[in-house]
Novice: 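Encoded as structure tokens, here's the structure I'll be asking about.
This structure is a prediction, so every number in the text was calculated from the model and none was measured.
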Amino acid sequence: MSYGPSDRAAVLAARLIARDGVRWRDALESVTLECGERPSDDRVATELRRWYSTFDPDQHRRSLRKKRNAALAVMTFFEESLGNVEPKLVGRVLDGAASRDAVAEVVLDTDDEKAPLLAMLNADVRFEELAPQAGENARFAVYLSDEPVLVAVWTRPRLKAHRTRPDPWQHPLESMGEISSALLSVLLVHRADSERLD
């Protein structure tokens with residue numbers, strides 16, 4: 001296997017993010033200037049998972065578990081309060097490449113964009129309204145614990161998160177692009193079981 005500028009850039013970006021606490025976007029800009037090539041997000045994520053499994057496995061597992069448990073609580077809240085939705089966990093907390101400052105991201109597909117807001121108000125859930133990103137109807141930071149969870153609300157069809165081939169540092173569920181609360185529960189149990197075996 002050849003090792004080119006894009007590979008070197010991905011390794012450097014992962015090191016900046018994991019070891020030095022540099023934000024993802026800033027790390028990519030820095031290595032693009034240094035290496036002359038911008039690595040793909042997927043390649044950087046793979047290198048991050050490799051870095052964490054090599055240099056910081058215990059702390060990273062604890063951090064991921066905390067973020068995933070916070071996401072599960074938020075997903076369960078919306079399932080129980082809205083009844084007709086199936087929230088999905090997406091992003092770096094799912095794929096295992098989440099840095100310390102990463103926040104779990106949940107996508108909520110619903111016909112009623114006000115329903116999530118009303119559910120949180122009725123249950124006295126602490127949240128912060130954020131500016132929606134492209135295509136979203138609403139975006140919130142939801143606090144059911146001390147770990148915030150970003151919730152993006154969609155009322156129209158959205159592009160599903162893409163599935164990738166799992167790398168050696170991923171469970172197959174982590175590479176699915178998006179998962180339900182039921183699959184997140186399975187992942188949490190599997191990861192807890194594998195930690196006990198270590």
Novice: Going by distance alone, is a donor N or O of one side chain under 3.5 Å from an acceptor N or O of the other, for Ser99 and Asp101?
Specialist: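 Side chains of Ser99 and Asp101: pair found under 3.5 Å.
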
Novice: Are Leu130 and Val106 connected in a single hydrophobic cluster, I mean Ile/Leu/Val/Met/Phe/Trp/Tyr linked by side-chain heavy atoms less than 4.5 Å apart?
Specialist: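 Looking at the clustering, Leu130 is in a separate group from Val106.
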
Novice: Without swapping roles, check the side chain of Arg68 against the backbone of Leu94 for a donor-acceptor pair under 3.5 Å.
Specialist: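 Flag set: sc Arg68 to bb Leu94 pair under 3.5 Å.
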
Novice: Is Trp169 reachable from Met176 through a run of I, L, V, M, F, W or Y residues, each pair having side-chain heavy atoms under 4.5 Å apart?
Specialist: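 As far as the 4.5 Å side-chain criterion goes, Trp169 and Met176 are not connected within one cluster.
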
Novice: Where do Arg23 and Asp26 land on the salt bridge (charged side-chain N to carboxylate O under 4.0 Å, His left out) test, with the steps shown first?
Specialist: CA-CA 5 Å; Arg23 293 193 174 275; Asp26 296 338; 5.6 Å; no

Novice: Any carboxylate oxygen within less than 4.0 angstrom of a Lys/Arg side-chain nitrogen, looking at Arg158 and Glu178?
Specialist: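 Salt bridge flag = yes for Glu178 with Arg158.
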
Novice: Before accepting this row, confirm whether a basic side-chain N of the pair Lys67/Glu105 lies closer than 4.0 Å to the acidic partner's carboxylate O.
Specialist: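 Result for this pair is no, no salt bridge flagged.
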
Novice: Specify the closest pair of heavy atoms between Ala161 and Gly177, including all atoms of both residues, with the distance to one decimal.
Specialist: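 Where Ala161 meets Gly177 most closely, the heavy atoms are CB-O, 3.0 Å.
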
Novice: Near Lys160 NZ, under 6.0 Å, is it more than 12 heavy atoms from other residues, nucleotides or ligands?
Specialist: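 Check passes, neighbour count above 12.
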
Novice: Between Asp41 and Arg92, is there a side-chain heavy-atom distance shorter than 4.5 Å?
Specialist: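 Yes, close enough: below the 4.5 Å cut-off.
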
Novice: Within a 6.0 Å radius of atom CZ on Arg156, are there more than 12 heavy atoms belonging to other residues, nucleotides or ligands?
Specialist: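 Atom CZ in Arg156 is crowded, with more than 12 foreign heavy atoms closer than 6.0 Å.
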
Novice: Could you grab the distance from atom CG of Leu117 to atom CE of Met120, nearest 0.5 Å is fine?
Specialist: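 Output value for this atom pair is 5.5 Å.
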
Novice: Quick one, Ser175 and Leu173 - any side-chain contact, counting heavy atoms below 4.5 Å?
Specialist: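 A side-chain contact is absent here, since even the closest heavy-atom pair is not under 4.5 Å.
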
Novice: Is the count of non-hydrogen atoms from other residues, nucleotides or ligands lying under 6.0 Å from Asp20 atom CG greater than 12?
Specialist: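 More than 12 heavy atoms, drawn from other residues, nucleotides or ligands, come within 6.0 Å of this atom.
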
Novice: Between Val125 and Phe77, is there a side-chain heavy-atom distance shorter than 4.5 Å?
Specialist: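 Contact flag for Phe77/Val125 side chains = yes.
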
Novice: Quick test of your reading of the model: are Arg49 and Asp95 salt-bridged, counting only N-O distances below 4.0 Å?
Specialist: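 Yes, this pair counts.
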
Novice: According to a 4.5 Å side-chain heavy-atom criterion applied to Ile, Leu, Val, Met, Phe, Trp and Tyr, with indirect links allowed, do Leu118 and Trp154 form part of one hydrophobic cluster?
Specialist: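 In one cluster: no.
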
Novice: Parallel, tilted or perpendicular, judged at 30° and 60°: which one describes the rings of Phe140 and Phe127?
Specialist: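 Aromatic pair Phe140/Phe127 classed perpendicular.
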
Novice: To the nearest 0.5 Å, what is the distance between CG on Leu183 and CD on Glu174?
Specialist: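 Reported to 0.5 Å precision, the distance equals 12.5 Å.
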
Novice: How long is the straight-line distance from CG of Leu144 back to CZ of Phe78, given to the nearest 0.5 Å?
Specialist: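 The CG atom of Leu144 is 8.0 Å from CZ of Phe78, to the nearest 0.5 Å.
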
Novice: Under the 3.5 angstrom rule, does the side chain of Glu136 hit a backbone N or O of Gln133 as a donor-acceptor pair?
Specialist: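 Answer holds: yes.
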
Novice: Do Tyr143 and Val103 share a hydrophobic cluster, counting only Ile, Leu, Val, Met, Phe, Trp and Tyr and linking them when any side-chain heavy atoms are less than 4.5 Å apart?
Specialist: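 Different clusters.
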
Novice: Could you state the interatomic distance from CZ (Arg100) to CG (Leu64), rounded to the nearest 0.5 Å?
Specialist: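 So the gap between those two atoms works out to 12.5 Å.
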
Novice: Does His162 form a side-chain contact (heavy atoms from CB on, under 4.5 Å) with Asp42? I'd like the steps, not just the answer.
Specialist: CA-CA 11 Å; His162 74 282; Asp42 288 343; 3.2 Å; yes

Novice: Are any non-hydrogen side-chain atoms of Ser180 and Lys88 less than 4.5 angstrom apart?
Specialist: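 The answer is yes, as the side chains (C-beta and beyond) meet within the 4.5 Å cut-off.
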
Novice: Set out, in order, the CA-CA distance, both residues' side-chain angles and the distance that settles side-chain contact (heavy atoms from CB on, under 4.5 Å) for Trp51 and His60, then state yes or no.
Specialist: CA-CA 10 Å; Trp51 197 96; His60 186 63; over 6 Å; no

Novice: Run Trp24 and Ile17 through side-chain contact (heavy atoms from CB on, under 4.5 Å) and show every step you take.
Specialist: CA-CA 6 Å; Trp24 191 286; Ile17 295 164; 3.8 Å; yes

Novice: Any heavy-atom pair between the side chains of Val153 and Arg139 that's under 4.5 Å?
Specialist: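 In short, these two side chains do not touch, never coming nearer than 4.5 Å.
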
Novice: Taking Val90 as the starting point, is it possible to reach Leu48 by hopping between hydrophobic residues whose side chains are less than 4.5 Å apart?
Specialist: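 In one cluster: no.
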
Novice: Taking all non-hydrogen atoms of both residues, which atom of Ala13 and which atom of Val31 are closest, and how far apart?
Specialist: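 That would be N-CG1, 3.5 Å.
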
Novice: Would you check, one step at a time, whether the test side-chain contact (heavy atoms from CB on, under 4.5 Å) holds for Leu12 with Arg15?
Specialist: CA-CA 5 Å; Leu12 290 174; Arg15 187 176 68 206; 3.2 Å; yes

Novice: Decide yes or no for Arg8 and Val11: does some side-chain heavy atom of the first lie under 4.5 Å from some side-chain heavy atom of the second?
Specialist: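 SC-SC contact between Arg8 and Val11 ruled out.
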
Novice: Could you pull out the closest heavy-atom pair between Val44 and Pro39, with the gap in Å?
Specialist: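 Minimum heavy-atom contact is CG2-CG, 3.6 Å.
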
Novice: Is Gln59 reaching over with its side chain to a backbone N or O of Asp56, donor-acceptor style, under 3.5 angstrom?
Specialist: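 No.
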
Novice: Are the side chains of Leu108 and Glu86 in touch, meaning some heavy atoms are under 4.5 Å apart?
Specialist: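 Sidechains of Glu86 and Leu108: no contact.
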
Novice: Are a donor atom and an acceptor atom from the side chains of Glu37 and Thr32 found within less than 3.5 Å of each other?
Specialist: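 Looking only at side-chain atoms, Thr32 and Glu37 do not form any donor-acceptor pair under 3.5 Å.
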
Novice: How far does CG of Asp167 sit from OG of Ser53, to the nearest 0.5 angstrom?
Specialist: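 The distance works out to 9.0 Å.
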
Novice: Quick one: CG on Leu188 to NE2 on His171, what's the gap to the nearest 0.5 Å?
Specialist: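 One gets 11.0 Å once the value is rounded to the nearest 0.5 Å.
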
Novice: Does the distance from a Lys or Arg side-chain N to an Asp or Glu carboxylate O, for Lys66 and Asp146, drop under 4.0 Å?
Specialist: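 Salt bridge present between Lys66 and Asp146.
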
Novice: Just by distance, do the side chain of Thr76 and the backbone of Leu72 share a donor-acceptor pair under 3.5 Å?
Specialist: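 The answer is yes, because a donor-acceptor pair under 3.5 Å joins these two groups.
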
Novice: Hey, does Val151 have a side-chain heavy atom less than 4.5 Å from the side chain of Val74?
Specialist: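 Counting from C-beta outward, Val74 and Val151 do come under 4.5 Å.
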
Novice: State which residue, out of Asp112, Asp109, Asn137, fulfils the side-chain hydrogen bond (donor to acceptor under 3.5 Å, both in side chains) condition with Thr155.
Specialist: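 Among Asp112, Asp109, Asn137, the one that satisfies the side-chain hydrogen bond (donor to acceptor under 3.5 Å, both in side chains) with Thr155 is Asn137.
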
Novice: With the threshold set at 4.0 Å, does a side-chain nitrogen-carboxylate oxygen contact exist between Arg43 and Glu47?
Specialist: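 Salt bridge present between Arg43 and Glu47.
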
